[in-house]
Structures are given as structure tokens and as C-alpha cells.
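The first residue of the sequence shown is numbered 1, and numbering continues consecutively from there. For the numbers below, each heavy atom of this structure counts, side chains included, while hydrogens, waters and symmetry mates do not.
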Amino acid sequence: MEKIKMTTPLVEMDGDEMTRILWKMIKDELILPFVDLKTEYYDLGLLYRNETRDQVTVDSALATKKYGVAVKCATITPNRQRMEEYPQLTEMWKSPNGTIRSILDGTVFRAPIIIDSIKPAVRNWEKPITIARHAYGDVYKSVDMYTEEPGECTMTFKGESGVEKTLSVQKVDGPAVWQGAHNKEQSIRSFARACFQYAIDTKQDLWFSTKDTIAKVYDGQFKKVFEEEFESYKAKFEELGITYFYTLIDDAVARVIRSKGGYIWACKNYDGDVMSDMVSTAFGSLAMMTSVLVAPDGTTEYEAAHGTVTRHYYRYLQGEETSTNPIATIFAWTGALNKRGELDGLTDLSDFAKKLEQACFDTLNDGIMTKDLVGLVEKGTEVRSVNSSEFLREIRSRLEKALEA
């Protein structure tokens, strides 16, 4: 079979640990045999980010703006424990996802990948819940420090016009930790517009939640901007019979658990990070959730919503067999290939991406799964647990049949 051609490269962002191993396995087994793959490659592995002082992350984001579509592997954001594991590190580098999101100024939409044999842990959920996560600022662009003595911390804004505003953060009588976070109104507006447009495109209700009763100015501005931007979309919402709903984050959690699903839940950056993990786990597994960053200009970056699967990686290094679920990473590739095909008018490429996704579903529906899913299937369903390599081979066999049809 002749390989499917590409005309414009994807931006390929490699990652860390077990997902880096799976990344190569997926390419070798499911993509390179069938697609004449064109990518502009960036190594976002922790050690190379350290070597380039994180410039490679910036470069990958700028390349994404240039080419319009990227696919990203999971990466490590180092904490103190990681600094001990990787003594070569010269700095506790910031989240590469945060850097990329800041440059692209987009919104992350995450939705569970659902199969019939795995029912949600929340028994009344009947439809997927899509998390819309703001992709700029807050804790991901914050600065922090530790102080050792009594004193006062203040926050000062110096405007270009010469205006200054200062307020007291807190007076303390001993050691303390401090954090300063920010967001930009333009980014909040982009977030709101992306959410409203995505709701219209997918014909789903939109919920938005913050904590404006506590963060009256900070979260209050998010609420205000959403209300203002909704006026431009209100008529279309009414025409489609969908609704926009605002509530506090704690009330939203209770409503989500009691709901049947089938809507978009828009959250600030960190809230979206946490809630997408909750939703994906409740629907089945962190490895069964798609994630796409959509920028205001239409630029898209696809990735898995989960981390680097460190525990499996250390087992892999010891020569042990692992059964790591590659589905979300495969769907990152299919999302990017499908989008590249749509933008370039390459129907063969888009069709390939869709057939690869279907091959994944066919494999799972045939009861062939990685270990993380086996314990989640309905009683009476016949399943067979396989390792990652076997799972990818099973998907490939079904993909080949679909491509030959």
C-alpha cells in the first residue's frame, strides 16, 4: 500500500518517561507504516529543556503558531522530588504546557473517550462532560518566594502613565510563603469567546464556574467578562436551544455529580486541570481523555490529558513488562493528523486518522485492553489483558483491515 502523503508538517513535541517510550512505539507501529509523516521535531524531554534553558519549549510554541497544528507528548514539570531524581537540572523549570498555552493564548478542551463496556463511576452520568480549561496565567504564570522573618508583603502596580497602585498582601510574625498570580483581560475574553463558540459548534450547554464570592476582583472579572461576551452569542444559543449558566465552583461540583452529563464545563486554569482529571477518572481512566488546545486564530495543539506514567517507566527501565494505556496519546496523533488533513484538503489523511480511532474502539470493544481498564468493565464482559506492545499490534491488525476495505 502506498503511504498517505502530507504537504505541511505537524509540529511534533516529544516528552518524558513512559509516554516517550509509547510515543515512539505508536509512531513505529501505527503511523509510519501508513503515512509519509512530515513533522518539525522538538525534544521537550526534561533534560533537553534544561540543556536549552527551556528555549526549546518556546521554539516549539512559535513553530506551532507558524504551522497551525501540533501534537505533544506528556512532559515532566519538575518539583523538589524531581530535582533529586534529575540532579543534572540547573533550575526547577516551569510547566512546558503553561509556557505553550501562554504563547498560544488558547483554551484547552478535554473530553472522555467512552466505550460501552465501561460505565462511569457516577452512575447517573449518561453523556460525556467536556472540560474547557483556560490556558493562560493564574498559578501557571505565578511567582513565589519564601521569607524567614516577620514583616509585610505588598503588591505594587506601576502603570506606563506613571500611575502606581499598592496594596498590602499581609503582615506576618514569622516565616511565610508568598505567591503572586495574574491574568490578562484579553486572554479571559479569548477564553470566553472560545467557550461560547465551542458550545455552538457542538450544540452543548455551557457552564462556567469560579469563586467570585472570595476572589471578588480576580474571579469577579472572569464572571464579568463572560457576561459581557455572552451578549454576542445569546441569540445563537437561543436559536439552538442551548443555555449558558454561571455558578460558584463548589456549587458546580455538586451539580456536576448530580447531572446526566452532556455539557461543557468551563473552568479557570488550575480548576480545569483538577476537574478534567476527576471527570476522566470517573468515566474510566486518565488515559481515556482527549485534550486539544485551541487558540483564537484557530491554531491547535493535541496532547494526552495524563502525565508521564512514572511508575511504569521505572519498571520498564528494570526490564519489566508494562501494560500502559496508549489510547489518549494515539488520539492526540489522530486529532493532529485529522486537523492537518482538513486544513490541507487531504481527505486520505483525515480518513486515516478516523480509521485509526475506530481501530482503537474495535480493539477495546473486542475485550482486548491494558490492565488499567480491565477492572473497570461491566461484570460478564469477557476481557483479555495485554501489554502495551500487544495492544498496539492488535490495533494495527484492525487498522490494516480497515485500510484494505
Any salt bridge between [X] and [Y], counting N to O under 4.0 Å?
| X | Y | result |
| --- | --- | --- |
| Glu394 | Arg384 | yes |
| Lys268 | Asp219 | yes |
| Glu303 | Arg101 | yes |
| Arg80 | Glu84 | no |
| Glu29 | Arg396 | yes |
| Arg398 | Asp366 | yes |
| Asp351 | Lys355 | no |
| Asp14 | Lys24 | no |

Point to revise | Within the 6.0 Å centroid threshold, strictly below: Tyr244 and Phe208 | key: no

Check your understanding: Is the backbone of Pro150 close enough, under 3.5 Å, to the side chain of Asp173 for a donor and an acceptor to pair up by distance?
Key -> no

Review point. Is the number of heavy atoms from other residues, nucleotides or ligands under 6.0 Å of Asp116 CG greater than 12?
Key: no

Exercise for review: Apply side-chain hydrogen bond (donor to acceptor under 3.5 Å, both in side chains) to Glu85 and list each qualifying residue two or more places apart in sequence or on a separate chain.
Suggested key: Gln81, Arg82, Tyr314

Review point. For Arg49 and Asp16, what are the C-alpha separation, side-chain angles and deciding distance, and is it a salt bridge (Lys or Arg N to Asp or Glu O under 4.0 Å)?
Key: CA-CA 11 Å; Arg49 276 185 277 140; Asp16 287 298; 3.0 Å; yes

Check your understanding: Given the rule in the side chain to side chain donor-acceptor pair (under 3.5 Å) test, do Asn97 and Ser95 qualify, once you have shown the distances and angles that lead to the verdict?
Key -> CA-CA 5 Å; Asn97 288 342; Ser95 161; 4.8 Å; no

Practice item. Output, in order, the C-alpha distance, side-chain angles, deciding distance and verdict of side chain to side chain donor-acceptor pair (under 3.5 Å) for Thr310 and Glu17. Key: CA-CA 6 Å; Thr310 305; Glu17 298 186 324; 2.7 Å; yes

